[in-house]
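See below for the structure under consideration.
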Amino acid sequence: MRNIIFTGKGGVGKTSVAAATALKAADMGYKTLIMSTDPAHSLGDSLDVQLGPSPVKVAENLWAQEVSVFGDLNLNWDVVREHFAHLMASRGIEGVYAEEMGVLPGMEELFSLSYIKRYNEEQKDYDLLVVDCAPTGETLRLLSLPETFGWFIKFIRNVEKYMVKPVIRPLSKKIRKIDDFVAPEEVYEKVDNLFSSTEGIIDLLADGSKSTVRLVMNPEKMVIKESMRALTYLNLYGITVDSITINRVMPDQSSDPYFQRWRGIQQKYIEQIQDAFAPIPIAEVPLFENEVVGLEMLRKVGAKVYPDKNPLDIFFKEDPINITKVSEGHYKVRVRLPFMENMGMEPKILKMGDDLTIRIGDYQKIVALPIFLAGMESTGASFEDKWLNIDFAKQ
């Protein structure tokens, strides 16, 4: 199944372009599901239909869904919340505070990721999954969660394996107070299921033959800056951005000086986008006379974004993370970080065993090194032509 993820700064029209893409694919005969993971859902408004937490058919070959965070929490995390509430109550904390202690930060995003993995594993209902993500910052947080949560889930697993089952649980049957604090087995099962449901999702999204991200932006300075950061961080995770849509471009039809001035400002930024993001293909969508709501208007958007193209095609291919051999016993791990220098950040690099951790700002990527590199030492790093090069050599 093909996966296309849309993101962009809030308010740029990301949902409209995502919905137009899904509708274009459906009109071409592809069974398509578009799913919104944005907590502030607007997909139903864009399609002009009422949506829910399960797929709803909105047109021939087209289904849509708005992920329900609270529904997922109640269905998949209820036992864990009850256990935390029980622990808090034993310490004199009750009510809403006790309930909220069982909800870890970022869990909403983890459940959203689990849907992507689930639909890809089923691979029987749809040809295309279009994901209308939250604005850029939330999307990047979404992608960083599986790795940052990994250590926590493994810790809980190890506590259950080495402490709870062999030591504490037998004692809890004899000492009642201990039993108040020992989690039931169902709690560990739920935690394990959450980890399993998102395990490998970054690998799926980083598989450029199946999944790509498409950025939506307006020709505005702040939007361009945020899109530059987004592309850099997406590359850090090995995820391919295969196209960019510049939305709400003013048509050159008005003689009014006010609109002509805005048109000139936009053209300056469009040229900047074309220079900065090349060679990624760029499409332009005009500012329409009418609001982009409903299937008819979405088809007009789709015709502008994909005039003679199949939206399922991969428009740009590049491996953002690769390993090259320089000479015998000398290799480079290369990561494309096109705007890192503009961001004023220095990458932090740490090698532990066969894991290479690259951290930029608040985001990090753990690269699993092949066996032949795991035994080598990093001899330094350099930044050249938008690529971070990390040298490895035999000692």
Fill in the blank from the handout: Heavy-atom nearest pair, Leu62 first then Ala26, reads CB-CB, 3.7 Å
Handout entry: Asp45: salt bridge (Lys or Arg N to Asp or Glu O under 4.0 Å) partners, not counting sequence neighbours
Key = none
Handout entry: Sidechain-backbone polar pair: Asn235 side chain, Arg336 backbone, donor-acceptor under 3.5 Å
Key = yes
Report all side-chain donor-acceptor pairs from residues 221-229 shorter than 3.5 Å, counting only partners two or more places apart or in another chain.
from	atom 1	to	atom 2	distance (Å)
Glu226	OE1	Lys9	NZ	3.3
Glu226	OE2	Thr136	OG1	3.1
Ser227	OG	Val223	O	2.9

Exercise for the section: Take atom NZ of Lys57 as the centre, draw a 6.0 Å sphere, and report whether it contains more than 12 heavy atoms from other residues, nucleotides or ligands. Expected result: yes
Problem - For Ala22 against Ile34, the heavy-atom pair lying closest together - result: CB-CB, 3.9 Å
Practice task
Inspect the contact between Asp391 and Lys332 and indicate whether a charged nitrogen and a carboxylate oxygen are less than 4.0 angstrom apart.
Solution key: yes
Practice task
Side-chain contact test, heavy atoms from C-beta onward, threshold under 4.5 Å: evaluate it for Lys14 versus Asp132 and give yes or no.
Solution key: yes
Completion exercise
Contacts of Asp27 meeting salt bridge (Lys or Arg N to Asp or Glu O under 4.0 Å) (sequence neighbours excluded), chain-then-number -> Arg299
Practice task
For the residue pair Ile202 and Lys365, establish whether any side-chain heavy-atom pair is separated by less than 4.5 Å.
Solution key: yes
Practice task
Please identify each residue that fulfils salt bridge (Lys or Arg N to Asp or Glu O under 4.0 Å) with Arg263, with sequence neighbours left out.
Solution key: none
Exercise for the section: Tell me whether Leu373 is reachable from Leu350 by hopping between hydrophobic residues (I, L, V, M, F, W, Y) whose side-chain heavy atoms are closer than 4.5 Å. Expected result: no
Exercise for the section: Please answer: with hydrophobic residues joined when any side-chain heavy atoms are less than 4.5 Å apart, are Val326 and Ile323 in the same cluster? Expected result: no
Handout entry: Qualifying residues under ring-ring contact (aromatic ring centres under 6.0 Å, His included), relative to Trp387, sequence neighbours excluded
Key = none
Problem - Check ion pair Arg214-Asp242 (N to O, under 4.0 angstrom) - result: yes
Fill in the blank from the handout: Here the pair of heavy atoms bringing Pro286 nearest to Lys304 is CD-CG, 3.8 Å
Handout entry: Separation of Tyr126 OH from Leu33 CG (nearest 0.5 Å)
Key = 5.0 Å
Exercise for the section: Could I get the full list of side chain to side chain contact (heavy atoms under 4.5 Å, CB included) partners for Ser211, not counting sequence neighbours? Expected result: Asn3, Leu204, Leu205
Exercise for the section: State, without any angle test, whether Thr240 and Thr212 hold a side-chain donor-acceptor pair at a distance under 3.5 Å. Expected result: no
Problem - All salt bridge (Lys or Arg N to Asp or Glu O under 4.0 Å) counterparts of Lys317, not counting sequence neighbours - result: none
Problem - Hydrophobic cluster membership, Leu298 vs Phe288, 4.5 Å side-chain cutoff - result: yes
Problem - Shortest non-hydrogen separation from Gly302 to Ala20 and the atoms involved - result: N-CB, 3.7 Å
Problem - Leu129 vs Ile116 side-chain heavy atoms within contact, under 4.5 Å - result: yes
Problem - From OG (Ser36) to CG (Leu43), nearest 0.5 Å - result: 5.5 Å
Practice task
Write down the atom of Tyr258, the atom of Asp256, and the distance for their closest heavy-atom approach.
Solution key: N-OD1, 2.7 Å
Problem - Inter-residue atom distance Met340.CE - Leu236.CG, 0.5 Å rounding - result: 10.0 Å
Exercise for the section: Carefully, step by step, assess Thr357 and Ile349 under the rule side-chain contact (heavy atoms from CB on, under 4.5 Å). Expected result: CA-CA 6 Å; Thr357 301; Ile349 301 166; over 6 Å; no
Exercise for the section: Measure the spacing between CD1 of Ile366 and CG of Asp354 and express it to the nearest 0.5 Å. Expected result: 11.0 Å
Problem - Path from Phe383 to Leu234 over hydrophobic side-chain contacts below 4.5 Å - result: yes
Completion exercise
Ser255 meets the side chain to side chain contact (heavy atoms under 4.5 Å, CB included) criterion, sequence neighbours left out, with none
Problem - Test log, rule side chain to side chain donor-acceptor pair (under 3.5 Å), inputs Ser46 and Thr15 - result: CA-CA 7 Å; Ser46 181; Thr15 298; over 6 Å; no
Exercise for the section: With sequence neighbours excluded, give me every ring pair (Phe, Tyr, Trp, His ring centres under 6.0 Å) pair touching residues 321-347. Expected result: Phe277-Phe339, Tyr331-Phe372
Practice task
For Tyr233, check ring-ring contact (aromatic ring centres under 6.0 Å, His included) against everything at least two apart and list the hits.
Solution key: Tyr363
Exercise for the section: Flag the pair Ile358 / Ile390 as yes when at least one side-chain heavy-atom distance between them is below 4.5 Å, and no otherwise. Expected result: yes
Fill in the blank from the handout: In Asp313, Thr21, Thr245, the residue satisfying side chain to side chain donor-acceptor pair (under 3.5 Å) with Tyr306 is Thr21
Practice task
For the residue pair Lys210 and Arg2, establish whether any side-chain heavy-atom pair is separated by less than 4.5 Å.
Solution key: no
Handout entry: Expected output: side-chain Glu66 to main-chain Thr37 donor-acceptor under 3.5 Å
Key = no
Completion exercise
Scanning both residues in full, the closest heavy-atom pair of Ala283 with Val305 reads CB-O, 3.9 Å
Handout entry: Gln65 vs Tyr119, side chain to side chain donor-acceptor pair (under 3.5 Å): CA-CA, chis, key distance, verdict
Key = CA-CA 12 Å; Gln65 172 186 5; Tyr119 285 128; 2.7 Å; yes
Fill in the blank from the handout: To the nearest 0.5 Å, atom OG of Ser243 lies from atom CD1 of Ile280 at 8.5 Å
Practice task
Please confirm whether the backbone N or O of Lys31 pairs with a side-chain atom of Asp127, one donor and one acceptor, at under 3.5 Å?
Solution key: yes
Handout entry: Path from Ile314 to Leu231 over hydrophobic side-chain contacts below 4.5 Å
Key = no
Problem - Heavy-atom check, side chain of Leu128 versus side chain of Ile4, under 4.5 Å - result: yes
Fill in the blank from the handout: Rounded to the nearest 0.5 Å, the CZ atom of Arg334 sits from the CG atom of Leu388 at a distance of 10.0 Å
Handout entry: Results of side chain to side chain donor-acceptor pair (under 3.5 Å) for Tyr30 - residues two or more places apart only
Key = Asn310
Practice task
Taking the side chain as every heavy atom from C-beta outward, state whether Val333 and Phe392 have any pair of such atoms under 4.5 Å apart.
Solution key: yes
Problem - Heavy-atom side-chain contact between Thr7 and Val213 under 4.5 Å - result: yes
Practice task
Would you list the pairs meeting side-chain hydrogen bond (donor to acceptor under 3.5 Å, both in side chains) in which at least one residue belongs to residues 267-292, sequence neighbours left out?
Solution key: none
Problem - Check: Gln266 side chain, Met250 main-chain N or O, donor-acceptor pair, under 3.5 Å - result: yes
Problem - Pair Val216-Phe6, side-chain contact (heavy atoms from CB on, under 4.5 Å): steps then yes or no - result: CA-CA 7 Å; Val216 180; Phe6 282 88; 3.9 Å; yes
